[in-house]
Colleague: 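The structure's right below; bear with me while I get my questions together.
Letters A, B, ... are given to chains in the order of the sequence lines, protein chains preceding strands, and every chain is numbered from 1.
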Amino acid sequence: MEHKQRSFYEEVRGEGTSRRDFLKFCTTMAAFLGLESSGVGQIVKALETKPRLPVIWFHFQECTCCSESFIRASHPIVATIVLDKISLDYQETLMAASGYQAEEAYKTVMAKHSGEYIVMVEGSIPTENEAYCCIGGRSALQILQEAAKNAMAVVAWGNCASAGCVQAAKPNPTGAKPVHKVISGKPVINVQGCPPIADVMAGVVVHLLTFGRIPQLDELNRPKAFYSRRVHDTCYRRANFDAGLFVESFDDEGAKKGYCLYKMGCKGPVTYNSCGIIKWNDGISYPIQSGHPCIGCSEEGFWDNGPFYQHLPSVAGFGIETTADKVGLGLGIATAVGVAGHAIVTNIRKHRELSNVPDKSSEIENPKV
Amino acid sequence: MRSRTIPMREVYVWELPVRMYHWVNMMCVIALCITGFIIGNPPAFMNGTEAYFNYWFGTVRFVHFIAAFLFFFNFIFRTYWGFAGNEFSRWTNFIPLKRSQWKEIVDVIKVDILQVTHQKIDSIGHNALASLVYFITFLIFLLQCLTGFGMYSAMSKSFLPKMFAWIVPVLGGDMGVRQLHHILMWGFIIFAIVHVYLVFYHDYIERRGVTSSMIGGWKFIEEDVVERHEAETGENTKC
Ligand code: HEM
Ligand code: HEM
Ligand code: SF4
Ligand code: SF4
C-alpha cells in the first residue's frame, strides 16, 4: 500500500492526467458544490495534501446501481477518487479480499480510524426479520449499527438507503427501512436518486474530503447543493409548461415538438434533483431531454406514487388508476343525490311547518308556535 | 292572502366583517377550485402553437396564487374576529366544549337530518352542529393553506411560504403534499354543495331569513327565543 503516502494529485499525475485536467475537475466540483471561486483553491489544496479518507462501503438490500453509476462516471478522476483517494478498505463489490480477510479489513478501519472513517451504505435494511439480509452470519442491522457507532458520518447512497426505494414500497414484505431510521446520533447524508448522479456522488465525496465535515442538508437530509431545486425549476421544457403546451401521448405532435411532459405524469414539479443542470452520462442528456417524464426517483415513496404516467397517484384502496378526482367526483355525485333526497323527504315530513300547520308534538313542547 | 302571525324580532347577528369575510372567502374558494382543477387537469386547447406564443397556464397558476394569498389573509382575519367580534361570531361557538352544545348537536341531527322530531332549534347564530362543521372546515382551510404554501415554498424566497415548508418532509415529499392538496379540493366542493343546500333548507323551513342574513346581517328570530336569550345573557338587545 505504498500509494498511501503519495498525494492524490501525484497519483492522478502519475496516471497521465494533466495538471490542466486536474484543475478543471476541481473547478467543476467547486461549481457543482456551489462554492465561491476561492473554493476551487481549497479543493485543489485538499486533494494535493490531505490524507486519504477511510471508508467502509456496505451493500445491503440493493441492486448495486449506485456503485455502477459511480464507477461509470465518465470523468477518469472520479474513478480515481473511488478507487484510490478514498480508501475503500471494505467494499463488497470491488474489494479483492473475501471471507475473514474482508471482515478483518473493516474491523481494522474501525479500530484504527475511530471517529474519522465514513460509512457509506447502498441499500435498505430489513427489520421485519433481520435475517432477510445477512453478511458473514450477521444481520445488516447489526453490522450497520456497529459500524456507525464510531463513524464520522454516514452516507446513504441512493433511494434504497435514503428512503427504502422499491423494497419499501407497499406492502414492504421485509420491513425495509432506510439508514436514517435505524441508526441514531450520527449525521446521515441522503444522496438521493435511483441511482444518484455520478457527479453528485463525487461532489459529496469531494466535499467530505476537502472540508472534513458534512455538507449543508435540507429537511430530508439531502445535500442542498444538489437537491435544493426541483427538476421542474431547471427543466428546459418549462416554457412549454407555462404556455400550457402539453404532450398528450408519447407519439403525438406535441411530443415531437418537445412540449412539457406534465400530463404524461412528469414528477419534475415534485422532485428535487440536479438532472436539469448536471444531467447524466457526462452531461449528455437526462430523461426529460430524451422525451420521458421524470418518475421522481429522488423522492421518498416514488414507487407508491404511481402509476408513473399519470399526474395524480392512484388512491390506496381504490385500485390502480383511481385518482383523487375519480373518488372526489363519485363522492360529489353521491352528495348531490343525498341532498336531493333530503330535499324530497323534507317536503314530505315537514309539510306541517311548510303549510304553517303546527305539529302536534311541538305544540305540546313548544306552545309558542 | 296567507300570512303568519308569530311575533318575530329582527336580530343583528352577522357584523359587516363577518359578511365581508364570507363573500371574499366564497369568491376565493370558487377561484381556487376552478384554477386548481385546471392546474391538475390542464386542457389542451392551445396545442399546435409554440411556447413563445402564450402564457395561459402560467396565468392560471398566477390567479391561483393571488387568490390563495387573499384566502389566507381573509382566513387569518376571520380567526382574529373570532376573538373580537360579537357573541355569534366568537370562537367559543365553534368548539363544542359545553354539554349544551353537544345536546344541541344531537337535537339538530334529529330535527334537520333524520327529521324524526319537529321541535324548533332555538339558536340565534349558527346552530351547534353547523358551528362544529364550520370548525372542521376552518381546519381544512388551514390544512389547504399549509399544503398550498408548502408547495409554494419551492418557488419562493419570501418568509411566508417558508414558514409552511415543514409540512413537506412530514408528508414525505412534495408528491404527498400535492396529493393531499388535491384531495382537499373535493372536500371544499362537497362542503359547498351541502352548505348552500342547508342554507336554503333552513330558510325554507324556518323562514328566519338565513340566506339574506349573510348579506344584510339581520335575522328574524321568534320573540320568545330572543327574550329567553336576553334573560340568559342579562343583556338587552333592543335598539
Ligand atoms: C380553496 C382552497 C384551494 C383549493 C381548492 C386548491 C386547489 C388546488 C388544486 C386542485 C391544485 C392542483 C394539484 C395538482 O397538481 O394536482 C392546486 C395546486 C396548487 N395550489 Fe392550491 N388550492 C387551494 C388553496 C391554495 C393555497 C391557499 C395555496 C397557497 C399558496 C395554494 C397553492 C397551490 C400550489 C403552489 C399549487 C401547485 C401549483 C403547481 O404545481 O404549479 N393553493 N391547488
Ligand atoms: C351561494 C353560496 C353561498 C351562500 C348563499 C352562503 C350563505 C351562508 C349563510 C347564510 C351563512 C350563515 C349560516 C348560519 O347562520 O349558520 C353562511 C356561513 C358560512 N359559509 Fe356560506 N354561503 C355560500 C357559499 C359558501 C362557500 C363556497 C363557502 C366556503 C367554502 C362558505 C363558507 C361559509 C362559512 C365558513 C360560514 C361560517 C361563517 C362564519 O361564522 O364565519 N359559504 N353561508
Ligand atoms: S417536462 Fe416535467 S419538469 Fe419539465 S417543465 Fe414539464 S412538468 Fe416540469
Ligand atoms: S429526471 Fe427524475 S426520475 Fe429521472 S433521474 Fe432525474 S430525478 Fe430521477
Side-chain angles (χ1 to χ4, degrees), chain A residues 163 218-220 229-230 232-233 237 239-246 248 252-254 257 259-260 262-263 267 269-272 296 299-302 305 311-313 315 323-325 327-329 331-332 335-336 338-339 342-343 345-346 349-350 352-354 356 359 361-362 365-366 368-369, chain B residues 2 4 6 37 40-61 112-113 115-120 151 154-155 165-166 168-169 172-179 182-183 185-187 189-190 193-194 197-198 200-201 204-207 222-225:
Chain A
D218 71 3
E219 294 86 352
L220 292 164
R229 277 183 291 178
R230 300 172 301 169
H232 186 60
D233 295 326
R237 298 197 186 208
N240 292 283
F241 173 85
D242 288 330
L245 300 175
F246 302 107
E248 304 284 326
D252 70 358
E253 193 56 31
K257 285 194 147 126
Y259 285 180
C260 166
Y262 187 69
K263 290 177 85 172
K267 306 290 185 290
V270 289
T271 304
Y272 294 78
E299 292 292 324
E300 187 178 317
F302 78 103
N305 287 334
H311 173 72
L312 281 180
V315 183
T323 61
D325 279 345
V327 177
L329 190 63
L331 287 175
T335 308
V339 156
H342 190 268
V345 172
T346 299
R349 302 212 29 117
K350 299 245 185 231
R352 285 166 174 280
E353 277 97 331
L354 290 170
N356 236 352
D359 187 90
S361 62
S362 64
E365 285 167 30
N366 260 340
K368 70 179 181 206
V369 185
Chain B
R2 293 167 70 195
R4 193 161 61 143
I6 339 165
F37 192 81
N41 313 267
F45 68 84
M46 276 300 193
N47 276 12
T49 61
E50 289 295 333
Y52 64 78
F53 199 71
N54 54 44
Y55 189 74
W56 77 263
F57 198 59
T59 309
V60 169
R61 291 173 62 245
D112 292 318
I113 314 278
Q115 305 189 350
V116 287
T117 61
H118 301 282
Q119 96 234 37
K120 281 247 156 92
M151 281 190 281
M155 41 182 140
W166 57 266
V168 177
D174 282 38
M175 190 67 186
V177 177
R178 179 210 260 175
Q179 170 83 335
H182 200 115
I183 290 173
M185 172 184 73
W186 287 101
I189 293 172
I190 288 166
I193 297 172
V194 175
Y197 167 72
L198 282 180
F200 292 175
Y201 161 88
Y204 183 58
I205 295 294
E206 295 167 354
R207 281 166 294 185
E222 299 75 8
E223 179 122 58
D224 58 318
V225 174

Colleague: Could you give the distance from CD (A:Glu300) to CE (B:Met175), rounded to the nearest 0.5 Å?
Modeller: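 Reported value, rounded in 0.5 Å steps: 13.0 Å.
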
Colleague: Take B:Val168 and A:Glu219 through the test side-chain contact (heavy atoms from CB on, under 4.5 Å) and record every step on the way to the result.
Modeller: CA-CA 9 Å; B:Val168 177; A:Glu219 294 86 352; over 6 Å; no

Colleague: Checking B:Ile190 against chain A: side chain, backbone, both or neither under 4.5 Å from a heavy atom?
Modeller: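 For B:Ile190, backbone and side chain are both near chain A.
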
Colleague: With a 4.5 Å cut-off on heavy-atom pairs, point out which of B:Ala165, B:Gly173, B:Gly187, B:Pro169 contacts chain A the most.
Modeller: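 Result: the option with the highest number of such pairs is B:Pro169.
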
Colleague: Atom CE in B:Met155, atom CG in A:Asp233: separation rounded to 0.5 Å?
Modeller: 8.0 Å

Colleague: For A:Val327, which atoms come within 4.5 Å of any heavy atom of chain B: side chain, backbone, both, or neither?
Modeller: neither

Colleague: Once rounded to the nearest 0.5 Å, what's the spacing between atom CH2 of B:Trp186 and atom CG of A:Asp325?
Modeller: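 Nearest 0.5 Å value for the CH2-CG distance: 5.5 Å.
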
Colleague: Side chain from CB out, backbone as N, CA, C, O: work out which of these in B:Tyr55 comes under 4.5 Å of a heavy atom of chain A, or both, or neither.
Modeller: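 Contact with chain A: backbone and side chain both.
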
Colleague: Where do A:Ala324 and B:Ile183 come nearest, in terms of heavy atoms and distance?
Modeller: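 Looking at all heavy atoms of both residues, the shortest contact is CB-CG1, 3.6 Å.
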
Colleague: Just by distance, do the side chain of B:Tyr197 and the backbone of A:Ala343 share a donor-acceptor pair under 3.5 Å?
Modeller: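 The answer is yes, because a donor-acceptor pair under 3.5 Å joins these two groups.
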
Colleague: Among B:Tyr52, B:Phe200, B:Tyr204, single out the residue with the greatest number of heavy-atom pairs under 4.5 Å to chain A.
Modeller: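 Answer, by heavy-atom pair count under 4.5 Å with chain A: B:Tyr204.
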
Colleague: Is B:Glu206 in contact with chain A via its backbone, its side chain, both, or neither, using a 4.5 Å heavy-atom distance?
Modeller: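 Contact with chain A involves no heavy atom of B:Glu206 at all.
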
Colleague: Tell me, for A:Asp218 versus chain B, whether the close heavy atoms (under 4.5 Å) come from the side chain, the backbone, both or neither.
Modeller: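 For A:Asp218, there is no contact with chain B at all, as no heavy atom is under 4.5 Å.
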
Colleague: Could you report the tightest heavy-atom contact between A:His342 and B:Asp112, atom names first, then the distance?
Modeller: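 Looking at all heavy atoms of both residues, the shortest contact is NE2-O, 2.7 Å.
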
Colleague: So, are B:Asp174 and A:Lys267 salt-bridged, with charged N and O less than 4.0 Å apart?
Modeller: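 Result for this pair is no, no salt bridge flagged.
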
Colleague: How far does CZ of B:Phe45 sit from CG of A:Leu245, to the nearest 0.5 angstrom?
Modeller: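 These two atoms lie 9.5 Å from each other.
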
Colleague: So which part of A:Leu220 gets closer than 4.5 Å to some heavy atom of chain B, the side chain, the backbone, both or neither?
Modeller: side chain

Colleague: Considering all heavy atoms of both residues, which atom of B:Gly40 and which atom of A:His311 are nearest to each other, and what is their separation?
Modeller: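 Closest heavy-atom pair between B:Gly40 and A:His311: O-CD2, 3.3 Å.
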
Colleague: Side chain, backbone, both or neither: which part of A:Phe241 has a non-hydrogen atom closer than 4.5 Å to chain B?
Modeller: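 Its backbone and side chain both get close to chain B.
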
